[in-house]
Amino acid sequence: MKIESCPAFSQEEKEILQEIMNIAFGNATADLAEVIDIYVELNTPSIQLLGIGDLPDYLINRMNLHTENSIVAQNFWGDFKGSGILVLPNRSGRSLIAILDDAELNDFEVKPIAGQEKEVLMEVGNILIGACVGKVCELLNTFVTYTPPQVIHHNSDEYSAFVMSFDPAQTAIIMETVFRFQKIDINGLLLIITNQEAIEWLQKALHNFMEPYE
Amino acid sequence: MIKKILIVDDSPVARRMLKSSIPPNKGYEIYEADDGYEGIRKYQEVQPDMTFMDLTMPNLDGYSAIAEIRKLSQDAVIVVMTADIQRKSISRVIELGAFLVLKKPPRTKIVEDVLAKVEDLLKSRSGEKQ
């Protein structure tokens, strides 16, 4: 099990959050498999707390897994508030298009490849982030509203603007899962980042979640 | 009759949730392991009547642990308890010889139903032997 330093949460709270993230991501991959014929190998998620000022460096370090990356980001708000970030290597969009050729998105054929890649990444990001955050909310008995997903390329002005959009005075809880799309041999990273405002609510919600099991 | 139950899961929370979903008044002996290797070792040591097995675990995952345990005993009753509910994962563990697959988080009623099914299986096996 991998739980990084996370002083705002007790060990028990971290372990509950980690299990909830595990359930949520499992649910998200099953949802994705319903839409496209792809099998996702899962790893045990990790939870850590980070000053948002350190977030840009953290993301850069994590994204060094690949030389060039695409990011799908989607914000959500409610009791549970934050951002879902899916990181995939740049070329994964093309590989996913090949799989989706048999799926419902037939209009890809009439669009330029860059546009198709963006749409595929957006669709995959929307499913994974939405299903994962949605399952966390279901388990913690709340609901959130989402912004539409956006695709951001690493090393772009959009990326700089995206990382600068986080308030550096805040603390981020990072729930991270590394996964692998088996068919196309691509590794990815899913981060759910929520901030200090959500911590108090989250702690209560975690205890409520465990109540039936006490 | 089920006497000994082994729970293999890297998450202490998941093990706790499952243990609390198992009826406490039946006198089951519950044993725990936190990864596939430990699960195999405990299986050999305890010889449980049934094993609840997670799939996504560090060191040795549930798929490999199921395969190893089934090599040790073709009669091993393994119920997979997982968050990974992709069809391919489910068919893979059934091919490996898992008896049932349950979706996390555990619910008391579902766990009770599973225990009843395992009891039926064990009874039918002991009937065959007699």
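Chain A is the first sequence line, chain B the second, and so forth, proteins listed ahead of strands; every chain is numbered from 1. Just so it is clear, the values below take in all heavy atoms, side chains as well, and ignore hydrogens, waters and symmetry mates.
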- Query: Is chain A contacted by the side chain of B:Thr56, its backbone, both, or neither, given a heavy-atom distance below 4.5 Å?
  - Reply: both
- Identify which one of A:Leu86, A:Leu88, A:Val72, A:Val120 satisfies the side chain to side chain contact (heavy atoms under 4.5 Å, CB included) criterion when paired with A:Val151. A:Val72
- Item | A:Gln48 versus A:Tyr58, side-chain donor and acceptor atoms under 3.5 Å | yes
- Hits for salt bridge (Lys or Arg N to Asp or Glu O under 4.0 Å) against B:Arg15, two or more places apart or cross-chain, chain-then-number order -> B:Glu32
- Query: chain B heavy atoms under 4.5 Å from A:Phe25: which part of the residue, side chain, backbone, both or neither?
  - Reply: neither
- Backbone N/O of B:Leu121 and side chain of B:Ser124: donor-acceptor pair under 3.5 Å: yes
- Message: Suppose a student defines contact as a heavy atom less than 4.5 Å from any heavy atom of chain A. Which residues in residues 1-9 of chain B would they list?
- Response: none
- Task: Mind running salt bridge (Lys or Arg N to Asp or Glu O under 4.0 Å) on B:Lys71 and B:Glu68 for me, showing each step along the way?
- Result: CA-CA 5 Å; B:Lys71 271 189 219 164; B:Glu68 284 303 313; 3.1 Å; yes
- Query: Which one, B:Lys103, B:Met57, B:Arg87, leads in non-hydrogen pairs under 4.5 Å with chain A?
  - Reply: B:Arg87
- Note on the structure: Honestly, the part of B:Thr108 sitting under 4.5 Å from a heavy atom of chain A is neither
- Check: A:Gln203/A:Glu13 side-chain N/O donor and acceptor closer than 3.5 Å: yes
- Using non-hydrogen atoms only, which part of A:Asn43 is less than 4.5 Å away from chain B: side chain, backbone, both, or neither? backbone
- Message: Using a 3.5 Å distance criterion without hydrogens, assess whether the side chain of B:Gln47 forms a donor-acceptor pair with backbone atoms of B:Gln44.
- Response: yes
- Message: Does any backbone or side-chain atom of A:Ile38 lie under 4.5 Å from a heavy atom of chain B? Answer side chain, backbone, both or neither.
- Response: backbone
- May I ask you to name which of A:Ile16, A:Thr29, A:Ile20, A:Asn27 has the most heavy-atom pairs under 4.5 Å with chain B? A:Thr29
- Note on the structure: Per-residue tally against chain B (heavy atom, under 4.5 Å) across A:Glu41, A:Glu214, A:Glu19 peaks at A:Glu19
- Stepwise, does the salt bridge (Lys or Arg N to Asp or Glu O under 4.0 Å) test hold for B:Glu38 with B:Arg41? CA-CA 5 Å; B:Glu38 179 65 5; B:Arg41 197 191 66 72; 3.1 Å; yes
- Message: Applying salt bridge (Lys or Arg N to Asp or Glu O under 4.0 Å) to B:Glu119 and B:Lys123, what does each step give before you reach the verdict?
- Response: CA-CA 6 Å; B:Glu119 288 282 11; B:Lys123 271 182 206 160; 5.5 Å; no
- Message: Between the side chains of A:Lys135 and A:Glu138, is the shortest nitrogen-to-carboxylate-oxygen separation below 4.0 Å, so that they form an ion pair?
- Response: yes
- Item | When A:Ala33, A:Pro212, A:Gly26 are compared by non-hydrogen pairs under 4.5 Å with chain B, the top option | A:Gly26
